[in-house]
Amino acid sequence: MMMMMGETWSQLGSLIATAMFLWAMFDKYFPYQLRGPILTYSKKLASFVYPYIQIKFHEFPGEYLKRNEAYAAIETYLSNKSSTEAKSLKAVVVRDSNQPVQLSMDENEEITDEFEGIKVWWAAKSITPRTQSNPFFRAETEEKRYYKLTFHKSHREILCEKYINHVLQEGKAITVRNRQRKLCINNPSQNWGGYKSRKWSHVTFEHPASFDTLAMESKKKEEIINDLVKFSQGKEYYDKIGKAWKRGYLLYGPPGTGKSSMIAAMANFMNYDIYDLELTTVKDNTELRRLLIETTSKSFIVIEDIDCSLDLTGQRKKKKEQVNDEQKDPASKMAKGEEESNSKVTLSGLLNFIDGLWSACGGERIIVFTTNYVEKLDPALIRRGRMDKHIEMSYCGFEAFKVLAKNYLNIDSHPLFVTIGHLLEETSITPADVAENLMPKSMNDDAETCLKKLIEAIKTAKEEAIKKAEEEARLKAEKEEKEKQETTQEDVKVDESLAKEVKENGVEVVIEDKTLAKEVKENGVAA
Ligand SMILES: Nc1ncnc2c1ncn2[C@@H]1O[C@H](COP(=O)(O)OP(=O)(O)OP(=O)(O)O)[C@@H](O)[C@H]1O
Ligand SMILES: [Mg+2]
């Protein structure tokens, strides 16, 4: 028995040795020109006995230096199946992804997939580099990897038409879902020139805001969500009407009403990147154009406090001159104001960007302007078509308060809600202030303590508002009184000079109309 086995092994060994010898001879001496026809005929012969079709997707097809997008999409698509089916896996590091590594099947592993009830096979393959120099072969120095898809020839049509497309789209969608989003900030142009310099620097965007955590009336929220969804699905519609796939939002309202939080919530909802454009560091319209041309699709381009960054006459203004210092952080605003004086970005430059260049540089971009003073903006800047949607972020109402109570205290109702509801109707307090008061300050602070604290804060805000209104009324009255006194003093002066004139000329004219008297005094006669 042992002898027989030994014999079989030795026969097998010599068979393999012979095959290897023949292959080596073929590889070395068989003319390169004759190989093509021989391979073609042998393939035809094989297809009679082997009814399967194979498609290869190379990582670097032909002479391309760029990685094949299809290969990358297939790798991502197969990643889930690979991690459950394949025995030998490799970890691939993916840039800008939520997943630190992506698992994919190792070379010569095979996994199955199913599409509309049809079974297909995927295999990971590679061509190892040829080290020996041979005049019949092209020199290949690097390993060439590819995926091989195999299926029965009877399903050729459906798989070629639908399945491959499905794999590529799904692979790309997974990449988008897993990708880390970016918050990009523009670099000053003096840093653009050097090696590897970039116009934008980015960090991973990880803001936790969402529409669930945003304190706002639910109807308004729903309207914005619907608008965003409609926009994201609107490629065909925008193509049809001949408009660039873009949308403009204007967010306005007092400080602390959630404008920046809204942008973060929208970006999270849409899975878009954010380009936070700081206009104060942009020297002129040319620089603005160059920056915007580098933004990518699926992104928000945000210009905060647009009224302060851009003077509507075309000159830049300093923020410190514009805003009420009580409401703003003076230090940061001052710093901004100083930088602004060098910039020559104009309103028309910005409008050109919105209407022309931006439209031309591809789709799926949303531009957002924010301002605390909507009334200061030039109508040209915010007209429909440029800023398609105007969203007012207002003081905290009862509905918005309930969202904050749920977020911060995890409660849906409480007996104190009634008092808070009444107080909020009478007082203007920002969601930021409400949120600040709802946040427990120590371990012992329960929901009731926080709600009581909030009630006190609203009452204080109410008293302050009354005091402020009284103070304003007092100042107004004082101003009016002062103006009145000034007019009376002027009248007295007119009367005195008139009396002098009468005395000198001996004519007495009584002019009761003060304006007329003044005119007589100035011109000698009334017109
Ligand atoms: N509508 C809101 N919903 C939830 N949280 C809010 C809301 N408004 C404000 N906040 C809270 O207040 C903080 C400040 O809000 P945010 O920065 O969004 O206000 P803003 O309107 O952008 O203010 P500014 O005009 O000063 O830039 C946020 O971090 C958030 O915690
Ligand atoms: Mg803000």
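Every value quoted in this text rests on a predicted model; they were computed, and no experiment measured them.
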Rounded to the nearest 0.5 Å, what separates atom CG in L103 from atom CG in L78? 12.5 Å
Over 12 non-hydrogen atoms of neighbours within 6.0 angstrom of CZ in R383: yes
Of all the heavy-atom pairs spanning L424 and C396, show the shortest one and how long it is. CD2-O, 3.7 Å
Say whether, by atom type as modelled, one donor and one acceptor occur between the side chain of S232 and the main chain of V229 under 3.5 angstrom. yes
Nearest heavy-atom approach of P61 to N68 is CD-CB, 3.6 Å
Mark yes or no for whether H390, through its side chain, and V374, through its backbone, hold a donor-acceptor pair below 3.5 Å. no
Donor-acceptor pairs under 3.5 angstrom involving side-chain atoms of residues 254-274: please list them, not counting sequence neighbours.
unit_1 : atom_1 : unit_2 : atom_2 : d
T257   : OG1    : P254   : O      : 2.6
T257   : OG1    : M393   : O      : 3.4
K259   : NZ     : G253   : O      : 3.0
K259   : NZ     : P254   : O      : 3.0
K259   : NZ     : N372   : OD1    : 3.2
S260   : OG     : E304   : OE2    : 2.9
N268   : OD1    : R181   : NH2    : 2.6
N268   : ND2    : H207   : O      : 2.8
N268   : ND2    : A209   : O      : 2.6
N268   : ND2    : A264   : O      : 3.4
N271   : OD1    : R181   : NE     : 3.0
Y272   : OH     : E364   : OE2    : 2.6
D273   : OD1    : R179   : NH1    : 3.4
D273   : OD1    : K182   : N      : 2.8
D273   : OD2    : R179   : NH1    : 3.1

Sequence neighbours excluded, every pair satisfying salt bridge (charged side-chain N to carboxylate O under 4.0 Å, His left out) that has a member inside residues 162-176: E69-K172, E116-K162, E170-R177
Evaluate the side-chain contact (heavy atoms from CB on, under 4.5 Å) criterion for residues V120 and Y163: first the C-alpha distance (whole Å), next the side-chain angles of each, then the deciding distance (0.1 Å), finally the verdict. CA-CA 10 Å; V120 300; Y163 176 67; 3.5 Å; yes
Walk me through it: do D412 and K402 pass the test salt bridge (charged side-chain N to carboxylate O under 4.0 Å, His left out)? CA-CA 7 Å; D412 291 306; K402 285 211 292 192; over 6 Å; no
How far apart are the C-alpha atoms of R145 and E59, what are their side-chain angles, what is the distance that settles it, and do they pass the salt bridge (charged side-chain N to carboxylate O under 4.0 Å, His left out) test? CA-CA 6 Å; R145 292 182 297 174; E59 188 176 19; 2.9 Å; yes
Side-chain donor/acceptor of S79 to backbone N/O of E75, under 3.5 Å: no
Is the backbone of D212 close enough, under 3.5 Å, to the side chain of S210 for a donor and an acceptor to pair up by distance? yes
Cationic N near anionic O, under 4.0 Å, E436 to K441: yes
Applying side-chain contact (heavy atoms from CB on, under 4.5 Å), run through I306 and L350 and close with a yes or a no. CA-CA 11 Å; I306 182 81; L350 193 62; 3.7 Å; yes
Would you compute the distance between atom CD1 of I74 and atom OH of Y71 and round it to the nearest 0.5 angstrom? 9.0 Å
The salt bridge (charged side-chain N to carboxylate O under 4.0 Å, His left out) partner of E294 among R198, R289, K199 is K199
My understanding is that only residues two or more places apart in sequence, or in another chain, count here; which of them pass ring-ring contact (aromatic ring centres under 6.0 Å, His included) with Y408? none
Rounded at 0.5 Å granularity, tell me how far SG in C308 sits from OH in Y373. 7.0 Å
Polar side-chain atom of D276 near backbone of I301 as donor-acceptor pair, under 3.5 Å: no
In chain order, what residues pass the ring-ring contact (aromatic ring centres under 6.0 Å, His included) check against F57, with sequence neighbours excluded? W122
Where is the tightest heavy-atom contact between W245 and G234, given as atom of each residue plus distance? NE1-C, 4.1 Å
Between Y77 (side chain) and H166 (backbone), is there a donor-acceptor pair under 3.5 Å? no
Side chain D284, main chain E287, donor-acceptor under 3.5 Å: yes
Taking the six-membered ring for Trp, are Y52 and F151 closer than 6.0 Å centroid to centroid? no
Locate the shortest heavy-atom distance separating T76 from G171; write the atom from each residue and the value. CG2-O, 3.7 Å
Show the numbers, then the answer: is there a side-chain contact (heavy atoms from CB on, under 4.5 Å) between V302 and L277? CA-CA 6 Å; V302 178; L277 180 59; over 6 Å; no
Do the rings of W200 and Y275 sit parallel, tilted or perpendicular, given the 30° and 60° boundaries? perpendicular
Measure from the ring center of F417 to the ring center of F401 and say whether it is less than 6.0 Å. yes
Can you sort out the partners of E107 under salt bridge (Lys or Arg N to Asp or Glu O under 4.0 Å), two or more places apart, ordered by chain and number? K90
Give the intermediate values and the outcome of side-chain contact (heavy atoms from CB on, under 4.5 Å) for residues K144 and S126. CA-CA 5 Å; K144 288 191 165 182; S126 71; over 6 Å; no
Taking every heavy atom of N407 against every heavy atom of T213, the minimum-distance pair comes out as ND2-O, 2.9 Å
Rounded to the nearest 0.5 Å, what separates atom CD1 in I458 from atom OG in S428? 11.0 Å
Taken in chain and number order and not counting sequence neighbours, the residues that satisfy side chain to side chain contact (heavy atoms under 4.5 Å, CB included) with A447 are L409, I411
What residues, two or more places apart in sequence or in another chain, satisfy side chain to side chain contact (heavy atoms under 4.5 Å, CB included) together with E110? W121, A123
Who passes side chain to side chain contact (heavy atoms under 4.5 Å, CB included) against T204, sequence neighbours left out? Q180, E206
Rounded distance [0.5 Å steps], CG in D113 versus CG in L149: 9.0 Å
Is there a donor-acceptor pair under 3.5 Å between the side chain of D307 and the backbone N or O of K376? no
Please check if the side chain of N186 supplies one atom and the backbone of E278 the other of a donor-acceptor pair under 3.5 Å. yes
Closest non-hydrogen contact found for S394 with P431 is O-CD, 3.9 Å
Ring-plane angle category for H155 and H152, please: parallel below 30°, perpendicular beyond 60°, tilted otherwise. perpendicular
Applying side chain to side chain contact (heavy atoms under 4.5 Å, CB included) to A380 and not counting sequence neighbours gives L351, D378, R386
Determine which pairs satisfy salt bridge (charged side-chain N to carboxylate O under 4.0 Å, His left out) with at least one residue from residues 218-234, sequence neighbours left out, and list them in order. E223-K389, D227-R247
Can you list everything that forms a side chain to side chain donor-acceptor pair (under 3.5 Å) with E109? Sequence neighbours excluded, please. none
Can you give each donor-acceptor pair under 3.5 Å made by side-chain atoms of residues 235-242, sequence neighbours left out, with the distance rounded to 0.1 Å?
unit_1 : atom_1 : unit_2 : atom_2 : d
K235   : NZ     : D239   : OD2    : 3.3

Taking the side chain from N437 and the backbone from C450, do they hold a donor-acceptor pair closer than 3.5 Å? no
